[in-house]
Q: 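Structure provided below as C-alpha cells; questions to follow.
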Protein chains: 2
Amino acid sequence: MPRARSSETRERIQAAALELFAAKGVQQTSLREIAERLGVTKPALYYHFASREELVRSLVRPLVDEVEALLAADEARESVDPRALLAGYFDATYRHRRITLMIVRELVTLSYLDLGERIADWRWRLIALLTGPDAPLDAQARAIVAVGGMGDCMVFFADRPVEELRPATLNAAYAALGLPLIGD
Amino acid sequence: MPRARSSETRERIQAAALELFAAKGVQQTSLREIAERLGVTKPALYYHFASREELVRSLVRPLVDEVEALLAADEARESVDPRALLAGYFDATYRHRRITLMIVRELVTLSYLDLGERIADWRWRLIALLTGPDAPLDAQARAIVAVGGMGDCMVFFADRPVEELRPATLNAAYAALGLPLIGD
DNA sequence: GTCTATATACCGATAGAC
DNA sequence: GTCTATCGGTATATAGAC
C-alpha cells in the first residue's frame with residue numbers, strides 16, 4: 001500500500017521528475033521517461049503515486065506551504081515592513097527556485113492544480129501588504145513590478161551566486177516601490 | 001493548394017485557435033477542438049496550415065516581427081531614450097497582448113519554436129539598451145525588473161483601460177530604473 | 001514492491017473521394 | 001475546400017503474476 005511517509009524510492013522518483021520537468025517541461029515529460037531514468041517501469045510509479053497529478057502536487061507543496069505561511073504571518077501583523085516582506089518572499093522562492101521556475105513557466109500547463117488562482121492570489125495579497133488596501137493603480141503597478149521582477153531576476157540571473165543576486169534583486173524591487181536602496 | 005495570402009477560412013481558424021489557446025493553453029488545445037469550434041473537421045485545417053506548428057507560428061509572427069523591428073531601430077541609434085524605448089515596448093506588446101500573454105505563460109511548452117531563446121535575447125538586448133553594455137548586476141537587475149514587470153502589469157490589470165494602465169505601468173518601470181516619473 | 005501485458009483513449013497527420 | 005476513414009504513435013492507468 002502506498003505510504004505517505006518517505007520511502008527511498010518515492011524520493012528518487014520526485015528527484016528524477018523534478019530534474020526532467022525543469023529540463024523539458026512538465027507536460028512534455030511522460031511517466032515512461034521518469035521511470036526509464038530510474039531504471040524501473042511505469043507501473044512501479046503508480047505504486048508510489050496514485051496519479052501523475054499527485055506526483056506533481058507533491059513537488060509543489062513545500063513551496064506553496066511556505067509562501068502561504070509567510071503571507072499569513074504578515075497579514076496577522078498590524079504593521080508590515082515592506083523590505084522584510086520582499087526579502088522573505090525572495091528567500092522562500094529562492095529556496096524552492098527549481099519548483100518556482102517550473103510553476104512560473106508553466107502556469108497554463110499546470111492549470112489542473114489550483115496554482116493559477118493561488119499565485120494570482122499571492123500577488124494581490126502582497127500588493128495589499130505592500131501598498132495598503134485600495135491603493136491607486138499607480139502604486140499597485142509598482143508593487144506588481146517589484147514582486148514580479150524578483151521572479152524574473154531569478155530566471156535571468158540563475159547562474160549568479162545568491163550573495164550577489166539577492167541584494168541586486170531586492171534593490172531593484174525597492175526601487176520599483178520607491179523605497180530607499182540597501183546601499184544608500 | 002494552400003495559399004500564403006489570406007483566405008477567409010484561414011483567418012477564422014487563426015481567430016478560433018487564438019481564443020482557445022488563450023483560454024486553455026496551446027498544448028492543451030487540440031486541432032480537433034479548433035475544428036469543432038468552427039464546425040469543420042480536423043483535416044480541413046490541414047488544407048490551410050501544413051502543420052499544427054505552422055498555425056502557432058503564424059499567430060506569433062506579427063508580435064515577433066514588431067519587437068524585432070523596435071529593437072533593431074534603437075540599436076541602430078547612437079543614443080537611446082530609455083523612456084521612449086520602454087513606451088515603445090509597452091505599445092508593441094499591448095497591441096498583441098493576447099499573443100504576448102500566451103507566449104509568456106507557455107515559454108516551455110512553445111520551446112519547439114525558437115521563442116525561448118528569442119525572448120531571452122530580447123531581454124538582454126533591452127538591458128543593453130537601457131543600461132549600456134557591461135553594466136553592474138545591480139543595474140541589470142533593475143532593467144530586468146522594469147521590463148518584466150511591464151508584462152506582469154498587463155496580465156494582472158488586464159481589465160483596466162489602457163489610458164490608465166499605460167502610464168501606471170510605465171511609471172513603475174521608470175521607478176525600477178530610477179528614472180523620473182511621468183507625474184514629476 | 002516491482003514486473004509483464006494490456007485496456008482505452010486521444011493525438012497529429014495523411015490518403016483519397018467528392 | 002471539405003469530407004470519411006484510418007495510420008502510427010504515445011499517453012495514463014490497470015490487472016494480475018511474482
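FYI, side chains are in, hydrogens and waters are out, and symmetry mates aren't considered; it's all heavy atoms of this structure. Remember, it's a predicted structure, so these values are computed and weren't measured experimentally.
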Q: Looking at A/Tyr47, I'd like to know whether one of its side-chain N or O atoms comes within less than 4.0 Å of OP1 or OP2 on C/dT2.
A: no

Q: What nucleotide, of C/dC11, D/dC3, C/dA13, holds the atom closest to the side chain of B/Arg32?
A: C/dC11

Q: Round to a whole Å and report the spacing from CG of A/Leu45 to C1' of D/dA11.
A: 13 Å

Q: Should B/Val104 and A/Val26 be regarded as members of a common hydrophobic cluster, given that ILVMFWY residues are connected when their side-chain heavy atoms come within less than 4.5 Å of each other, either directly or indirectly?
A: no

Q: Take atom CZ of B/Arg52 and atom C1' of C/dC10, then tell me their distance rounded to the nearest Å.
A: 13 Å

Q: Rounding to a whole Å, what distance do you find between A/Glu11:CD and C/dG1:C1'?
A: 16 Å

Q: In a table with atom names and distances, give each donor-acceptor pair under 3.5 Å that connects a side chain of residues 59-73 of chain A to protein atoms at least two apart or in another chain.
A:
from    : atom 1 : to       : atom 2 : distance (Å)
A/Glu66 : OE1    : A/His96  : NE2    : 2.7
A/Glu66 : OE2    : A/Arg95  : NE     : 2.7
A/Glu66 : OE2    : A/Arg95  : NH2    : 2.5
A/Glu68 : OE1    : A/Arg125 : NH1    : 3.2
A/Glu68 : OE2    : A/Arg118 : NE     : 2.9
A/Glu68 : OE2    : A/Trp122 : NE1    : 3.1

Q: Between the two end axes of the helix from C/dG1-D/dC18 to C/dC18-D/dG1, each built from 5 base pairs, what angle do you get to the nearest 10°?
A: 0°

Q: To the nearest Å, give me how far apart CD (A/Gln28) and P (C/dG12) are.
A: 13 Å

Q: D/dA13, D/dA5, C/dC3: which one has an atom nearest the side-chain heavy atoms of A/Ala44?
A: C/dC3

Q: If the cut-off is 4.0 Å, is A/Thr9 near the phosphate of C/dG1, judged by side-chain N/O to OP1 or OP2?
A: no

Q: More 5' along DNA chain D: A/Glu53 or B/Gly39, using each one's nearest nucleotide?
A: B/Gly39

Q: Listed by chain and number, what are the salt bridge (Lys or Arg N to Asp or Glu O under 4.0 Å) partners of A/Arg83, not counting sequence neighbours?
A: none

Q: Side-chain atoms of residues 149-163 of chain B: list all donor-acceptor pairs with protein atoms under 3.5 Å, sequence neighbours left out, distances to 0.1 Å.
A:
from     : atom 1 : to       : atom 2 : distance (Å)
B/Asp152 : OD2    : A/Arg123 : NH2    : 3.4

Q: Rounded to the nearest Å, what distance is computed from the CD atom of residue A/Gln27 to the P atom of nucleotide C/dC11?
A: 12 Å

Q: Side chain of A/Leu31 only, please: which of D/dT12, C/dG12, D/dT2 is the nearest?
A: D/dT12

Q: Distance only, no hydrogens: is a donor on one side chain within 3.5 Å (strictly under) of an acceptor on the other, for A/Thr109 and B/Thr109?
A: yes

Q: Could you please name the option among D/dC3, D/dA13, C/dT4 that lies closest to any side-chain atom of A/Pro43?
A: C/dT4

Q: What does A/Ser30 touch in the nucleic acid at a heavy-atom separation under 4.0 angstrom: a base, only the sugar-phosphate, or nothing?
A: sugar-phosphate

Q: Rounding to an integer number of Å, can you tell me how far A/Lys42 NZ sits from D/dT10 P?
A: 11 Å

Q: State which residues pass salt bridge (Lys or Arg N to Asp or Glu O under 4.0 Å) with B/Lys24; sequence neighbours excluded, sorted by chain then number.
A: B/Glu33

Q: Can you tell me how far C1' of C/dG1 sits from CZ of A/Phe49, to the nearest Å?
A: 14 Å

Q: Can you tell me how far C1' of D/dA11 sits from CG of A/Leu55, to the nearest Å?
A: 15 Å

Q: Please check the phosphate of C/dC3 (OP1 and OP2 only) for any side-chain N or O of A/Thr41 closer than 4.0 Å.
A: yes

Q: B/Arg52: which residues meet the salt bridge (Lys or Arg N to Asp or Glu O under 4.0 Å) condition with it, sequence neighbours left out?
A: none

Q: By nearest atom, which of the nucleotides D/dC3, D/dT14, C/dA13 is closest to the A/Tyr46 side chain?
A: D/dT14

Q: Between A/Leu85 and A/Val80, what is the shortest heavy-atom contact and its length?
A: CD2-CG1, 4.1 Å

